[in-house]
Amino acid sequence: MERRDVLKLSAVAGATGALTLGRVSFADAAPTAGQSGGGPGEQTRRVTGHLPTGAPDFVYLPVDVPDGVREIAVSYSYDRPAVPEGTAGNACDIGIFDERGTDLGGAGFRGWSGGARTEFFLRADEATPGYLPGPVNAGTWHITLGPYTVAPQGLSYDVTITLRYGPRGRTPAPVHPPERARGRGRAWYRGDSHLHSVHSDGKRTPAQIAALARAAGLDFLNTSEHNTVSSHRAWEGLWGDDLLILTGEEVTTRNGHVVAMGTDPGVFIDWRYRARDNAFGKYARAIRRAGGLVIPAHPHATCIGCNWKFGLNDADAVEVWNGPYTPDDEVTLAEWDNTLVAHTHGRGDWLPAVGHSDAHRDPDVVGLPQTVVLADDLSRRALQDGIRAGRVWIAESSKVDLSFSVSGERGEHAGIGERLAVPDTMQVTARLKVTGAPGCTVSFVTDQGRLYTAPLPPSGEGTVSWQTTPAHAAYIRAEVRHPATTAGLPGPMAAMTNPVFLGTWGS
């Protein structure tokens, strides 16, 4: 049976929100016999339709699921007409909610694959990556279409739903990673908290990612799939004394992405809102209630929907370096530096900087860059405490190592993320020791700009010192850069630190 829906939505052009289509029923036909004889029966329905430009962000297709269903399988496609240069073509995501409903933040979420897959299934004992195994209970389920961009000609979709009948099976208890690894006590730990596997739009398995993380010299990683938590149970046997695996999510809205770092296993954070809905604060609090950090990702990335539009007031840190260093990161770095200046003038708390690879597939490099955190041990809470306090620097690889501090005339001393509370007129000395950065230069950056730059020796190993006073520098942070490759821009980053604050302002 096929049903055709044609929608006229010109009145809601650009609207945030959702539209519910007509209900799909399986009550008027008996299941067909299994092809092999004696197998479970199945029923199939096909729904086609057309969405005009201006369709809501989410289009729900209700499906009445009767008793006795063992498995739901869904496939879909949509047209991709030619569009003029510079005009967005069709792109449509997909996911599913079960009989518990589609309420924002509700319990009904059962999976999301975005645009990474054309089909999926779920049943009690297993599900397509991106989807959650569990019972297929009777009730109204909702297939969710997300028309991400719609061509001027509109978007024609074709959805096929198959119900397979039979014994339900049992859902295995999830095995989640532990919150602590052996570690080295209070030490600097390297990690990558933004990367993707086959559970969203990545091409690598969790096992491949774990192997690459170890090869990159990482101590921890954080799962961060787009709008799903299905990978939280997929890392069994992959952690160890040498690698802590945190669970999280990349909450991927239409107005920016946020890494929920280190949330409780199995906790799903909703993404179905825009900046105009004034809802992000609510979901930032949900991330924190789940034990996570709120980290806006690639705020100035150029992909559609990637620009961060929610502001930084609800953030715990900000991703200033995403993957290989690009001009997008340079813009984010400058914006972040402005927040440091504002903090020194009493306008809000300061926001630590972090960096992540956002690796999806070959040749993306896991651990390029990596966040290096001073933590009391290798555990979820200790790492989060270190990031929240700004005891963090960022490196392009584990080959780069550094130490950075500022000292006063009487032996006073402060490290990354700390304050050297000395009189404004006292002379202070900033020292950066670097290894593993051949061909690079070191710069010291303050609230007055980039005030000192010096080359490292050809070996890439050396110590650079610079003197100033708190009257002339409210903070000092260090950058290690490669030679410039783009006219008018500094060279790509090899490493950078969070600031050391100077003086007694604000106390």
Side-chain angles (χ1 to χ4, degrees), residues 179-194 213 216-222 241-246 248 259 261-262 291-295 315-321 336 340 343 349-357 367 369-408 412-421 428-437 442 444-445 463-464 475-480 493-502:
E179 293 191 15
R180 182 185 303 271
R182 177 178 294 174
R184 304 180 296 277
R186 186 173 175 82
W188 291 95
Y189 294 100
R190 296 174 180 262
D192 188 348
S193 293
H194 182 180
L218 301 184
D219 301 294
F220 68 94
L221 59 84
N222 176 72
D241 290 342
D242 63 330
L243 184 64
L244 177 69
I245 297 173
L246 306 178
V259 171
M261 178 194 168
L293 295 184
V294 179
I295 305 177
D316 295 307
V318 61
E319 186 184 85
V320 303
W321 182 354
W336 169 72
L340 300 180
H343 171 64
D349 296 333
W350 78 281
L351 195 63
V354 296
H356 306 131
S357 74
Q370 50 197 248
T371 293
V372 192
V373 186
L374 179 60
D376 289 336
D377 58 28
L378 185 52
S379 68
R380 173 168 75 149
R381 298 303 181 199
L383 290 169
Q384 291 175 328
D385 288 346
I387 292 172
R388 199 179 286 110
R391 299 191 300 265
V392 170
W393 58 277
I394 311 168
E396 65 181 356
S397 76
S398 60
K399 295 178 181 178
V400 180
D401 199 7
L402 64 75
S403 61
F404 176 57
S405 63
V406 183
S407 58
E412 305 92 338
H413 178 275
I416 297 169
E418 298 176 340
R419 180 193 289 251
L420 186 64
V428 299
T429 302
R431 290 186 178 86
L432 179 72
K433 182 179 180 180
V434 182
T435 61
V442 168
F444 292 119
V445 182
T463 300
V464 179
Y475 63 85
I476 307 174
R477 60 180 184 84
E479 297 179 355
V480 182
M493 199 74 71
M496 58 168 284
T497 74
N498 274 277
V500 176
F501 294 100
L502 307 179

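When a residue number appears, it is its place in the shown sequence, counting from 1. Computed over heavy atoms, backbone and side chain alike; hydrogens, waters and symmetry mates excluded.
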Does some side-chain heavy atom of [Y] sit less than 4.5 Å from a side-chain heavy atom of [X]?
| X | Y | result |
| --- | --- | --- |
| V428 | L420 | yes |
| L502 | I476 | yes |
| I387 | D385 | no |
| V500 | R477 | no |
| E396 | W321 | yes |
| T463 | L432 | no |
| V400 | T435 | no |
| I295 | V354 | yes |

Would you please indicate if the ring centroids of F501 and H343 are separated by under 6.0 Å?
->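 Judged by ring-centre distance (under 6.0 Å), F501 and H343 do meet the cut-off.
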Test side-chain contact (heavy atoms from CB on, under 4.5 Å) on L243 and L221 and set out the steps.
-> CA-CA 8 Å; L243 184 64; L221 59 84; 4.3 Å; yes
Which atom of [X] lies closest to which atom of [Y], heavy atoms considered:
| X | Y | value |
| --- | --- | --- |
| I394 | P369 | CG2-CB, 3.8 Å |
| A375 | A382 | CB-O, 3.6 Å |
| A317 | L351 | N-CD1, 3.6 Å |
| D316 | G292 | OD2-O, 4.3 Å |
| I416 | L402 | CD1-CD1, 4.4 Å |
| A437 | V480 | CB-CG1, 3.9 Å |

Could you grab the distance from atom CH2 of W350 to atom CH2 of W336, nearest 0.5 Å is fine?
->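 Here the interatomic distance stands at 7.0 Å.
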Distance in Å, E179 CD paired with L378 CG, rounded so as to fall on 0.5 Å steps |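 One finds 12.0 Å between CD of E179 and CG of L378.
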Taking only residues two or more places apart in sequence or in another chain, which ones pass side chain to side chain contact (heavy atoms under 4.5 Å, CB included) with [X]?
| X | value |
| --- | --- |
| A389 | R391 |
| Q384 | L293, R380, R381, R388 |
| V372 | W188, R190, W393 |
| R431 | S407, T429, S465 |

Partner residues of Y189 under the side-chain hydrogen bond (donor to acceptor under 3.5 Å, both in side chains) criterion, sequence neighbours left out =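 Testing Y189 for side-chain hydrogen bond (donor to acceptor under 3.5 Å, both in side chains), a comparison that skips the adjacent residues, returns none.
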Any chance you could lay out the side-chain contact (heavy atoms from CB on, under 4.5 Å) test for L244 and L383, step after step, and finish with the verdict?
-> CA-CA 10 Å; L244 177 69; L383 290 169; 3.7 Å; yes
Backbone N/O of P499 and side chain of T497: donor-acceptor pair under 3.5 Å |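 Checked: no pair found.
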Just by distance, do the side chain of N498 and the backbone of V392 share a donor-acceptor pair under 3.5 Å?
->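 Yes; at least one donor-acceptor contact below 3.5 Å.
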Between S357 and D192, do the side chains contain an N or O donor and an N or O acceptor separated by less than 3.5 Å?
->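 Note: S357 and D192 side chains meet the donor-acceptor criterion.
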Taking everything shown except D242 itself, do over 12 heavy atoms lie less than 6.0 Å from its CG?
->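 Buried by this count: over 12 neighbours within 6.0 Å.
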Begin with the C-alpha distance, continue with both residues' side-chain angles, and end with the deciding distance and a verdict on side-chain contact (heavy atoms from CB on, under 4.5 Å) for K433 and V464.
-> CA-CA 7 Å; K433 182 179 180 180; V464 179; over 6 Å; no
Inspect the contact between R186 and D377 and indicate whether a charged nitrogen and a carboxylate oxygen are less than 4.0 angstrom apart.
->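 No, this pair does not count.
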Step by step, would you call S193 with H356 a side-chain contact (heavy atoms from CB on, under 4.5 Å)?
-> CA-CA 6 Å; S193 293; H356 306 131; 3.4 Å; yes
Would you please name every residue forming a ring-ring contact (aromatic ring centres under 6.0 Å, His included) with F220, sequence neighbours left out?
->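 Counting only residues at least two positions away or on another chain, F220 forms no ring-ring contact (aromatic ring centres under 6.0 Å, His included).
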